[in-house]
A.B. asks: 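Take this structure first; my questions come after.
Start at 1 and go down the list; that is how both ligands and their atoms are numbered. Nothing here was measured: the structure is a model prediction, and the numbers come from that model.
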Amino acid sequence: MSLFDHVEFDQHEHVSYVCDPDSGLRAIIAIHNTQLGPAMGGTRYYPYLNDADALTDVLRLSRGMSYKSALARLPLGGGKSVIIGDPKMQKTPAQMRAFGRFLERLGGLYIAAEDSGTSVADMKIVREVTTHVSGCDDKQTLEGHTKSGDPSPATAYGCFLGIQAAVEYRLKRDDLNGLIVGIQGLGNVGYRLAEMLAEAGAHLIVTDINAEAVHRAERELDAKAVGLDDIYSQPMDIFAPCALGATVNPHTLEQLQASIIAGSANNQLDTAETGRRVHAKGLCYAPDYVINAGGIIDVCYEKQGNYDTDIVNQHIEGIYDTLMALFERSERDNMATSDLADTMARERLQPAPVQPT
Ligand code: NAD
């Protein structure tokens, strides 16, 4: 398998394949760009069918982190790591420590955090052997409270604000009362987002492979549950993908009745071309790495050691303004929001011009 010719390679600065036979760890660490600071991004633990799928995923996610941090104006580069395996069956503390030792060897070029399949508890184990990890320490806020290292509530908050921005822009409304939101995935982010939306008066249609989460949403949030493949065709105003990537594709787009796509999942569009189709159909799409930046903002402040809830929340609230600006420019320039976000991020990643001496 060629790395440099890989369709998702995109000039990655560094890619490591790591293996620890004693613990059974097999992982890939990808560092896309460190122009703005050390690369930071989560560690996904997932049962990839083969190494090629794992590589494609980590390269796409890693580039997304460069773009995400650049547009969120964080002093961070983009990177990501994937551990190959089933987290429920194979994950062990020995593996997480072995993974941490590899991070230590990279000397801070890449800083890990949790992602799908890894938790605060896992990152605390990684923290035993390296400081190059975030999203694990309880934060002592300047107000004297203790806050968990889990970035998911911050991600959900950013997504909620992003949905508000899309609703204001596309539906010309400043409230969510009575709007129907279809949520795909009721995990750490999706469930918290569902709670905020229900609190704001939205009606929820939900789906998840985890029946327990679905029942909980029915019970606690009065959500309507539908089958995994039925979510797309439901009558709804907003589709919020909060599970996997590539669930917005030509097949699902044909069925979607929503006028807004705004959720937390990374890599929601299967291809860049789908982003253009979304735009051509007149749908308002909040680019994934813009709307889901709340978590990276949260762990960035944790890593810097200056966690002030008000400042972190203000930074997350910038997601609303960034999206509004994107929606307006997309209409003005007749350009898909997905392409526009990529262009803006790439501009920010340009190396500073060398000054003549
Ligand atoms: P999670 O693993 O806690 O939740 C994912 C949920 O999706 C689970 O409940 C799972 O059962 C469900 N799911 C899996 N396959 C499904 C399917 N086919 N249909 C419907 N539901 C399905 O993950 P999370 O932390 O909530 O993250 C959700 C998404 O948001 C991921 O794509 C993640 O990369 C992205 N994201 C998360 C954060 C964060 O702070 N956690 C930050 C940025 C982006």
Side-chain angles (χ1 to χ4, degrees), residues 40-47 57-58 60-62 64-65 67-69 71-72 74 76 78 80-82 86-88 91 112-123 134-136 147-160 162 182-196 204-217 223 225-232 234 239-249 252 262-270 286-302 312 316 319:
M40 190 187 265
T43 303
R44 179 167 291 192
Y45 202 125
Y46 189 80
D57 204 31
V58 78
R60 288 193 78 192
L61 290 164
S62 164
M65 291 310 299
Y67 290 6
K68 186 183 305 199
S69 289
L71 285 191
L74 294 171
L76 293 175
K80 199 87 180 181
S81 49
V82 294
D86 181 342
K88 290 202 176 85
K91 192 167 61 182
E114 51 274 82
D115 193 70
S116 278
T118 58
S119 63
V120 175
D122 296 325
M123 293 306 133
S134 192
C136 47
K147 193 172 172 289
S148 148
D150 178 11
S152 305
T155 304
Y157 180 48
C159 288
F160 178 72
I183 304 182
Q184 180 181 50
L186 292 167
N188 291 322
V189 180
Y191 201 88
R192 182 80 195 97
L193 176 64
E195 288 176 324
M196 287 190 261
L204 307 179
I205 302 178
V206 299
T207 192
D208 197 301
I209 51 173
N210 177 356
E212 205 178 302
V214 172
H215 293 322
R216 186 175 160 215
V226 295
L228 295 179
D229 293 330
D230 299 328
I231 187 80
Y232 308 103
Q234 297 297 312
F239 173 52
C242 298
L244 330 152
T247 66
V248 181
N249 54 54
T252 59
S264 75
N266 282 310
N267 296 333
Q268 290 168 30
L269 307 173
D270 65 336
D288 43 18
Y289 58 78
V290 181
I291 192 171
N292 71 16
I296 191 75
I297 294 170
D298 187 72
V299 292
C300 179
Y301 279 92
E302 173 189 326
V312 174
I316 294 172
I319 290 173

A.B. asks: If the condition is salt bridge (Lys or Arg N to Asp or Glu O under 4.0 Å), which residues does D122 pass it with, not counting sequence neighbours?
C.D. replies: K91
A.B. asks: Report, as yes or no, whether the 6.0 Å neighbourhood of atom CG on D229 holds more than 12 heavy atoms from other residues, nucleotides or ligands.
C.D. replies: no
A.B. asks: How about S62 and S81: do any of their side-chain heavy atoms sit closer than 4.5 Å?
C.D. replies: no
A.B. asks: Please report the C-alpha distance between R44 and N266 in whole Å, then the side-chain angles of each, then the deciding distance to 0.1 Å, and finally whether the side-chain contact (heavy atoms from CB on, under 4.5 Å) criterion is met.
C.D. replies: CA-CA 12 Å; R44 179 167 291 192; N266 282 310; 4.1 Å; yes
A.B. asks: Under the rule for side-chain contact (heavy atoms from CB on, under 4.5 Å), what residues qualify as partners of S152, not counting sequence neighbours?
C.D. replies: D150, N188, V189
A.B. asks: Test of understanding: with side-chain contact (heavy atoms from CB on, under 4.5 Å), list the residues that count as partners of S69, not counting sequence neighbours.
C.D. replies: L74, L76, I296
A.B. asks: For ligand 1, run through the N/O pairs with the protein that fall under 3.5 Å and put one pair on each line.
C.D. replies:
residue, atom, partner, partner atom, Å
ligand 1, 3 (O), N188, N, 3.0
ligand 1, 3 (O), N188, ND2, 3.2
ligand 1, 9 (O), G187, N, 3.4
ligand 1, 9 (O), D208, OD1, 3.4
ligand 1, 9 (O), D208, OD2, 2.7
ligand 1, 11 (O), D208, OD1, 2.6
ligand 1, 23 (O), S116, OG, 3.4
ligand 1, 26 (O), N188, N, 3.1
ligand 1, 26 (O), V189, N, 2.8
ligand 1, 30 (O), S264, O, 3.2
ligand 1, 30 (O), S264, OG, 3.0
ligand 1, 32 (O), A243, O, 3.0
ligand 1, 32 (O), N266, N, 3.4
ligand 1, 34 (O), R44, NH2, 2.8
ligand 1, 34 (O), N266, ND2, 2.9
ligand 1, 40 (O), T155, OG1, 2.7
ligand 1, 41 (N), S152, OG, 3.3

